[in-house]
Amino acid sequence: MATSEISLSLSPFYLLVLARVSGSIVALLVLTWALHFKTSFYPHSSSKEDLIYAVLHPLLMVIGFILVSGEGLALACGIFGIWTKFHSSDGIVANFYSLHSWMGLICVSLFGAQWLMGFLSFWHRGEVRMTRIRLLPWHVFLGLYTYGLAVATAETGLLEKLTFLQTKGAVQKRCTESMIVNGMGLGLALLSGMVIFAAVLPKHQTPHSKTIYSSNKLHS
């Protein structure tokens with residue numbers, strides 16, 4: 001019995017290690033794609049400024065927004081990542097034509113609302129305790145939904161970009177760059193599954209700790 005309890009308590013640790021490894025692989029792939037194949041991002045433009053913004057977009061949105069989404073930096077990276085698309089020579093309107101664009105705007109907006117709700121509702125004490133308890137399930141749901149939407153948005157962006165490059169003949173279907181982009185998509189799908197599973201994984205408590213917790217709630 002003791003052995004099974006120990007293995008259950010250690011399982012979140014191994015899950016965290018796998019998530020970190022998957023995240024590191026995804027980060028390495030997006031860095032390789034953005035820096036080694038950077039000419040694929042703007043094959044129709046000779047502007048170095050546009051090329052820099054185009055390269056920064058996947059770096060900021062994948063590494064800065066998805067991989068570090070648990071940090072306060074993620075919101076700033078997401079906003080700056082969208083700004084890089086709006087600041088290119090194509091203008092703002094040109095970035096509202098695809099599903100990927102709309103999903104990205106919704107995702108960053110939800111992340112900002114999530115951060116604001118957490119700041120206003122969960123950093124207070126005393127008189128708003130019941131409000132925090134009522135909002136907690138919605139806070140958790142919104143966080144998981146936003147994270148899943150961010151991964152789905154990245155997947156649509158990868159598919160959109162790779163399809164565009166292959167249609168224009170800039171990238172072959174069987175080449176190193178295609179393998180890197182597809183591997184990145186698979187890595188994000190695997191990573192998101194582990195992160196969401198870790199978030200909903202039941203916390204293993206001993207009967208004694210549950211009794212103490214219930215007693216504290218009754219006396220509070």
Side-chain angles (χ1 to χ4, degrees), residues 11-34 56-86 95-96 98-123 131-162 180-204:
S11 58
F13 170 76
Y14 291 116
L15 191 62
L16 177 62
V17 172
L18 288 174
R20 295 296 187 187
V21 172
S22 300
S24 299
I25 294 175
V26 170
L28 179 61
L29 288 175
V30 71
L31 281 170
T32 303
W33 185 41
L56 280 176
H57 182 71
L59 293 177
L60 290 169
M61 302 310 290
V62 175
I63 297 178
F65 189 65
I66 295 179
L67 298 185
V68 295
S69 58
E71 309 294 336
L73 180 63
L75 180 58
C77 288
I79 294 174
F80 187 49
I82 291 180
W83 179 84
T84 59
K85 297 297 290 182
F86 289 168
N95 291 282
F96 284 90
S98 68
L99 176 64
H100 172 69
S101 302
W102 285 105
M103 288 176 67
L105 289 172
I106 294 172
C107 184
V108 173
S109 299
L110 287 177
F111 192 90
Q114 166 82 346
W115 183 88
L116 183 62
M117 185 174 68
F119 179 81
L120 295 177
S121 302
F122 293 88
W123 281 21
T131 302
R132 291 186 303 180
I133 294 175
R134 294 191 186 98
L135 287 177
L136 180 59
W138 294 102
H139 183 73
V140 173
F141 165 75
L142 187 59
L144 292 177
Y145 177 76
T146 304
Y147 178 77
L149 183 62
V151 174
T153 302
E155 300 283 13
T156 59
L158 294 175
L159 178 61
E160 176 185 295
K161 189 64 178 180
L162 191 58
I180 289 176
V181 176
N182 289 327
M184 196 191 316
L186 291 175
L188 283 171
L190 178 63
L191 175 64
S192 63
M194 288 187 291
V195 170
I196 294 175
F197 179 70
V200 301
L201 189 68
K203 303 298 185 295
H204 300 285

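Nothing fancy with the numbering, it's 1 onward along the sequence.
- Here the SG atom belonging to C107 is positioned 11.0 Å from the OH atom belonging to Y147, to the nearest 0.5 angstrom.
- Taking CG of L191 as the start and CG of L186 as the end, the distance is 12.5 Å to the nearest 0.5 Å.
- For the pair L158 and L188, the minimum side-chain heavy-atom distance is below 4.5 Å.
- Closest approach of V108 to M61, counting heavy atoms only: CG2-CE, 4.3 Å.
- Under the 30°/60° scheme for interplanar angles, the aromatic rings of Y145 and F141 are found to lie parallel.
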Would V151 and V195 count as a side-chain contact (heavy atoms from CB on, under 4.5 Å) if you check the C-alpha gap in whole Å, the side-chain angles of each, and the deciding distance to 0.1 Å? CA-CA 11 Å; V151 174; V195 170; over 6 Å; no
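- With rounding to the nearest 0.5 Å, the separation of CH2 in W33 from CD1 in I180 is 10.0 Å.
- In this structure, the separation between OG on S101 and CD on E160 is 6.0 Å, given to the nearest 0.5 Å.
- Of all non-hydrogen atoms in T32 and L28, the two that sit nearest each other are OG1-O, 2.8 Å.
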Could you check T153 against I106 for side-chain contact (heavy atoms from CB on, under 4.5 Å), going step by step and ending with a plain yes or no? CA-CA 10 Å; T153 302; I106 294 172; over 6 Å; no
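- Minimum interatomic distance between A154 and I66 (heavy atoms only, all atoms of both residues): CB-CD1, 3.7 Å.
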After noting the C-alpha distance and the side-chain angles of M103 and T156, does the key distance pass the side-chain contact (heavy atoms from CB on, under 4.5 Å) rule? CA-CA 9 Å; M103 288 176 67; T156 59; 4.2 Å; yes
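- Between M194 and S22, the shortest heavy-atom contact is CE-OG, 3.0 Å.
- V26 and M184 make their closest contact through CG1-CG, 4.2 Å (heavy atoms, listed as atom of the first residue, atom of the second, distance).
- Here the CG atom belonging to L116 is positioned 12.5 Å from the CZ atom belonging to F111, to the nearest 0.5 angstrom.
- In terms of heavy atoms, C77 sits closest to F65 at CB-N, 4.2 Å.
- Put simply, CZ on R20 and CD1 on I25 are 14.0 Å apart, with the number rounded to the nearest 0.5 Å.
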Begin from the C-alpha positions of L59 and L31 and carry the test side-chain contact (heavy atoms from CB on, under 4.5 Å) through to its verdict. CA-CA 7 Å; L59 293 177; L31 281 170; 3.6 Å; yes
